Undergrad: 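Pasting in a structure now, in structure tokens, and then I'll have a few things to ask.
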Amino acid sequence: EKNPASGVIQIYFETHSPLEIEISIFSQDQSFHQVLEKKTYKKGGNIIEIDTTKFKNGRYFYQGKSHNQKTKKLVEIIN
């Protein structure tokens, strides 16, 4: 991923088996939260695209959450 992010960005992640994951984005101060996708992803590599132009400039976390794990990463959006 590019940071700062602008335009459409791609996020890559891997799963060891098919797994339901909720992908969301929220502002650093947690005043904004949006679920981008919630679905079962295939085993192996997966790519999702986020159109950052839909969000105000600022610092956000994007997060992947399954039934037993949660991972998040900070990204700055500047369009």
Side-chain angles (χ1 to χ4, degrees):
E1 308 90 49
K2 54 184 179 174
N3 201 0
S6 63
V8 176
I9 60 170
Q10 293 185 332
I11 298 171
Y12 175 83
F13 62 94
E14 291 185 25
T15 63
H16 297 291
S17 61
L19 187 63
E20 183 177 79
I21 300 174
E22 179 183 279
I23 307 293
S24 59
I25 188 166
F26 53 94
S27 58
Q28 191 171 17
D29 67 3
Q30 299 195 6
S31 63
F32 170 83
H33 180 264
Q34 181 179 342
V35 174
L36 301 172
E37 290 186 353
K38 183 176 182 179
K39 68 178 195 176
T40 300
Y41 290 90
K42 64 180 174 56
K43 176 183 176 180
N46 294 273
I47 296 174
I48 64 163
E49 291 187 340
I50 299 174
D51 183 357
T52 66
T53 63
K54 295 180 179 179
F55 306 102
K56 294 180 184 177
N57 289 346
R59 291 175 176 232
Y60 295 83
F61 287 99
Y62 62 85
Q63 172 178 278
K65 182 171 76 171
S66 69
H67 70 281
N68 66 345
Q69 185 175 356
K70 180 168 51 173
T71 303
K72 66 181 176 181
K73 184 173 181 182
L74 181 67
V75 64
E76 183 173 13
I77 294 176
I78 298 176
N79 283 300

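We use all heavy atoms of the structure for the numbers below, so side chains are in, but hydrogens, waters and symmetry mates are not. Note that the coordinates shown come from a computational prediction; the quantities given were computed from them, not determined experimentally.
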Undergrad: Please say yes or no: joined through hydrophobic side-chain contacts below 4.5 Å, possibly via intermediate residues, are Val75 and Val35 part of one cluster?
TA: no
Undergrad: With sequence neighbours left out, what residues match Glu37 under side-chain hydrogen bond (donor to acceptor under 3.5 Å, both in side chains)?
TA: Tyr41
Undergrad: How close do Lys43 and Thr15 get, counting heavy atoms only, and between which atoms?
TA: CA-OG1, 3.5 Å
Undergrad: How would you list, by chain and number, every residue that makes a side-chain contact (heavy atoms from CB on, under 4.5 Å) with Lys42, sequence neighbours excluded?
TA: Asn46
Undergrad: Test of understanding: with side-chain hydrogen bond (donor to acceptor under 3.5 Å, both in side chains), list the residues that count as partners of Glu14, not counting sequence neighbours.
TA: Tyr12
Undergrad: Once the angle between the rings of Tyr60 and Phe55 is folded into 0 to 90°, is it parallel (under 30°), tilted (30 to 60°) or perpendicular (over 60°)?
TA: tilted
Undergrad: With Asn68, which residues qualify under side-chain contact (heavy atoms from CB on, under 4.5 Å), at least two apart?
TA: Ser66
Undergrad: Anything under 3.5 Å between a donor and an acceptor, one on a side chain of residues 17-25, the other on a protein residue two or more places apart or in another chain? List them.
TA:
none

Undergrad: Looking at Ile50, Ile11, Asp51, which one forms a side-chain contact (heavy atoms from CB on, under 4.5 Å) with Leu36?
TA: Ile50
Undergrad: Give me the other members of the hydrophobic cluster that Leu74 sits in, counting Ile, Leu, Val, Met, Phe, Trp and Tyr linked by side-chain heavy atoms under 4.5 Å, directly or via other members.
TA: Phe26, Phe61
Undergrad: Is a side-chain N or O of Asn79 found less than 3.5 angstrom from the main chain of Gly7, in a donor-acceptor match?
TA: yes
Undergrad: Which residues satisfy the side-chain hydrogen bond (donor to acceptor under 3.5 Å, both in side chains) test with Asn57, sequence neighbours excluded?
TA: none
Undergrad: Please name all residues satisfying side-chain hydrogen bond (donor to acceptor under 3.5 Å, both in side chains) with Ser6, sequence neighbours left out, ordered by chain then number.
TA: none
